[in-house]
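Notes for the one structure printed next.
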Amino acid sequence: MTPDNHPAPTHDTAEDALERLPDSANETTALSTRVWWPEKTLEWISGVLLIILTLFVTVTVLMRFGGNGVLGAVELSAIAMVVITVLVVPAATAADDNFKVEIVDMLDKPKLVHAAALLGAVVQLVVSLFLAFSSLELFIYDWQTKTTMAGELSVSRYWLSLIIFVSFAVLLHATIMYLFRLVRDTKRQMGADAPESASHRPEGA
């Protein structure tokens, strides 16, 4: 409080700006920012596949302990692990739950924090575009050549490349939506900070 009983002016710091960014799972444990059904659908599918993979590996281990192997067990497990990994990437991006190092707050400038967040989202967009088009090109190549994966089952590789393409296409969607949301929230916050900053100016300034 100031001597004339008015609230002391508060200065918006970079830490405050970081707190207003979309929630992370490390802070809330509930990923409330996952609001888009394509990402949620792939996430649910990956969860089901993870349960199936766990049961499958358990059964194959028990059968091998009894002296009976399962044809293609290693191959199917490896494919399932790749599929589960690519399916959860769009959901992690939509929730802004990717690993990142936030060191901009040491500069104590909120505008730099917002600029760094926007720059990171743009970089993610460029990477997502590259992954989406590369996986599409790989799927077209596998479909035309009918390439098979190495292993006992000789599974056609275009099934795996198709899943990867779909996942990266949804990743591109999540990145675009996240960038739009970040720009909208940044503009909203800047608009809210403008009247507050004006009220803190001394009279006659």
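Since the model is a prediction, treat every value here as computed from it, not as a measurement. Values below: all heavy atoms of this structure, side chains included; hydrogens, waters and symmetry mates excluded.
- Within the 4.5 Å cutoff, no side-chain heavy atoms of Leu179 are placed close to those of Thr175.
- For Met63, the CE atom counts as densely surrounded, since its 6.0 Å shell holds more than 12 non-hydrogen atoms of other residues, nucleotides or ligands.
- Ile52 is not connected to Val83 by any chain of hydrophobic side-chain contacts under 4.5 Å among Ile, Leu, Val, Met, Phe, Trp and Tyr, and they are in different clusters.
- Rounding to the nearest 0.5 angstrom, the gap separating the CG atom in Leu62 from the CG atom in Asn68 is 11.5 Å.
- Taking both residues in full, the closest heavy atoms of Ala121 and Tyr178 are given as CB-CE2, 4.0 Å, listed atom of the first, atom of the second, then distance.
- There is no path of hydrophobic side-chain contacts, each under 4.5 Å, that joins Met81 to Trp44.
- The distance from the CG atom of Leu71 to the CG atom of Leu76 is 8.5 Å, given to the nearest 0.5 Å.
- For the atom pair Leu118 CG and Leu182 CG, the distance stands at 4.5 Å (nearest 0.5 Å).
- Residues Ile84 and Ile45 fail the side-chain proximity criterion, which asks for heavy atoms closer than 4.5 Å.
- In this structure, Leu160 CG and Ser135 OG are separated by 11.0 Å, a value rounded to the nearest 0.5 Å.
- In terms of heavy-atom proximity, Ser46 sits nearest to Leu87 at CB-CB, 3.7 Å.
- Across Ser167 and Val86, no two heavy atoms sit closer than the pair CB-O, 3.3 Å.
- Within the structure, the ring pair (Phe, Tyr, Trp, His ring centres under 6.0 Å) test picks out the following pairs touching residues 121-150 (sequence neighbours left out): Trp143-Tyr158.
- Distance check: Leu53 CG to Thr58 OG1 gives 9.0 Å after rounding to the nearest 0.5 Å.
- Screening residues 127-142 for salt bridge (charged side-chain N to carboxylate O under 4.0 Å, His left out) gives Asp142-Arg157 as the qualifying pairs, with residues at least two apart or on separate chains.
- Across all non-hydrogen atoms, the minimal contact from His173 to Pro38 is CE1-CG, 4.3 Å.
- In summary, of the residues considered (Val88, Leu171, Val170), a side-chain contact (heavy atoms from CB on, under 4.5 Å) with Thr93 occurs for Leu171 alone.
- Distance check, rounded to the nearest 0.5 Å: CG of Leu138 to CG of Leu162 gives 10.5 Å.
- No continuous path of ILVMFWY side-chain contacts below 4.5 Å connects Val74 to Phe56, so the two sit in separate hydrophobic clusters.
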